[in-house]
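Keep in mind that this is a model prediction, so the values were computed, not measured.
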Amino acid sequence: MVKAQLSIQLKPDSFQPLQALAEWHQILGAKLGSLPAAESNFIGRVRPSGLNDAPLEALELEHYPGMCEAQLHQLAATAAASNNAIAVLVWHRVGKVLASDVIVLVAVVANHRRQAQRCCQELLEALKHEAPFWKKEWLADGSNSWVQGNTPF
């Protein structure tokens, strides 16, 4: 089994997910000679409402630099290995992210559709439940509060 190529980045500023995918495709194509047959992508945006359905202005994500990237790398490597993925890209925002702005991009390439889709889904669930982010909701009324119980550490 070949070890998957991983591209993991925490992004303090907004990014264009389709542009990021196009650049990743160029890099992968150059490294691999051609792109694998299957790809699964997910673009996640900040919801416009908070946990209690109150209008949300932004979601703030704090992290411990170094540890967070290492954990994301491990989550991606595990998902890739269990699904025979060839390459995985994870770009995740940190800092204050406005409602409806892109917060995460996950892309997986593999030789078969099922492998790519399963890896993408598995990795998304791992990011949601195991990634070490601390989240604060900033509501439209100016109030804010930390989201309880969303960080495994």
Side-chain angles (χ1 to χ4, degrees), residues 1-25 27-28 31 39-110 114-153:
M1 179 187 300
V2 177
K3 189 174 179 180
Q5 295 183 35
L6 305 178
S7 176
I8 313 296
Q9 292 186 37
L10 295 180
K11 309 293 277 182
D13 299 312
S14 64
F15 63 88
Q16 296 298 319
L18 299 181
Q19 181 180 343
L21 283 171
E23 291 170 7
W24 187 59
H25 290 154
I27 293 167
L28 280 180
K31 285 182 180 178
E39 182 170 343
S40 184
N41 303 310
F42 177 83
I43 298 168
R45 293 178 179 80
V46 174
R47 291 184 187 107
S49 59
L51 291 178
N52 296 324
D53 292 326
L56 189 71
E57 178 184 304
L59 185 65
E60 185 174 356
L61 283 85
E62 290 193 12
H63 71 291
Y64 189 91
M67 183 194 78
C68 187
E69 291 91 339
Q71 179 69 13
L72 296 184
H73 191 275
Q74 183 58 47
L75 294 173
T78 299
S82 68
N83 292 285
N84 295 318
I86 295 168
V88 175
L89 172 115
V90 176
W91 281 18
H92 206 298
R93 288 286 310 275
V94 292
K96 204 170 192 180
V97 186
L98 300 177
S100 300
D101 280 1
V102 172
I103 193 167
V104 65
L105 168 64
V106 173
V108 176
V109 294
R114 183 172 288 170
Q115 293 168 329
Q117 290 175 333
R118 282 186 179 174
C119 183
C120 190
Q121 180 65 33
E122 186 178 307
L123 183 51
L124 284 166
E125 291 303 314
L127 290 171
K128 180 71 175 170
H129 300 290
E130 299 176 44
F133 293 114
W134 292 269
K135 299 174 186 175
K136 183 187 283 188
E137 290 186 332
W138 291 85
L139 300 179
D141 68 6
S143 65
N144 66 73
S145 63
W146 290 101
V147 176
Q148 299 298 315
N150 73 324
T151 302
F153 300 104

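In plain terms, the two heavy atoms of Y64 and E69 that are nearest each other are O-OE1, 4.2 Å. Considering every non-hydrogen atom in both W138 and L56, the closest pair reads O-CD1, 3.5 Å. The two residues F15 and W91 come nearest to each other via the heavy atoms CD1-CE3, 3.6 Å. A76 and V88 make their closest contact through CB-CG1, 4.1 Å (heavy atoms, listed as atom of the first residue, atom of the second, distance). Scanning all heavy atoms of the two residues, the minimum distance from L105 to A20 falls at CD2-CB, 3.8 Å. Across all their heavy atoms, A110 and A85 have their closest contact at CB-CA, 4.1 Å.
Here the SG atom belonging to C68 is positioned 13.0 Å from the NE2 atom belonging to H73, to the nearest 0.5 angstrom. To the nearest 0.5 Å, atoms OG (S145) and CD (E137) are separated by 5.5 Å. Note that CD1 of I103 is 8.0 Å distant from CZ of F133, once rounded to the nearest 0.5 Å. Once rounded to the nearest 0.5 Å, the distance linking CG of L123 with CG of L72 reads 8.5 Å. In this structure, E23 CD and L89 CG are separated by 10.5 Å, a value rounded to the nearest 0.5 Å. The CG atom of N83 lies 11.0 Å from the CD atom of Q117; values are rounded to the nearest 0.5 Å.
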Worked verdict on H92 versus H63 for side-chain contact (heavy atoms from CB on, under 4.5 Å): CA-CA 11 Å; H92 206 298; H63 71 291; over 6 Å; no
Working for side-chain contact (heavy atoms from CB on, under 4.5 Å), residues L18 and I43: CA-CA 9 Å; L18 299 181; I43 298 168; 4.2 Å; yes
Criterion side-chain contact (heavy atoms from CB on, under 4.5 Å) on W24 and Q5, from CA distance to verdict: CA-CA 11 Å; W24 187 59; Q5 295 183 35; over 6 Å; no
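Contact check for T78 versus Q74: side-chain heavy atoms found under the 4.5 Å cut-off.
Judged purely by atom type and a 3.5 angstrom limit, R93 has no side-chain atom pairing as donor or acceptor with the backbone of V104.
Atom CD of Q16 sits in a sparse spot, with 12 or fewer heavy atoms from other residues, nucleotides or ligands closer than 6.0 Å. Heavy atoms of other residues, nucleotides or ligands lying less than 6.0 angstrom from CG of D141 number more than 12.
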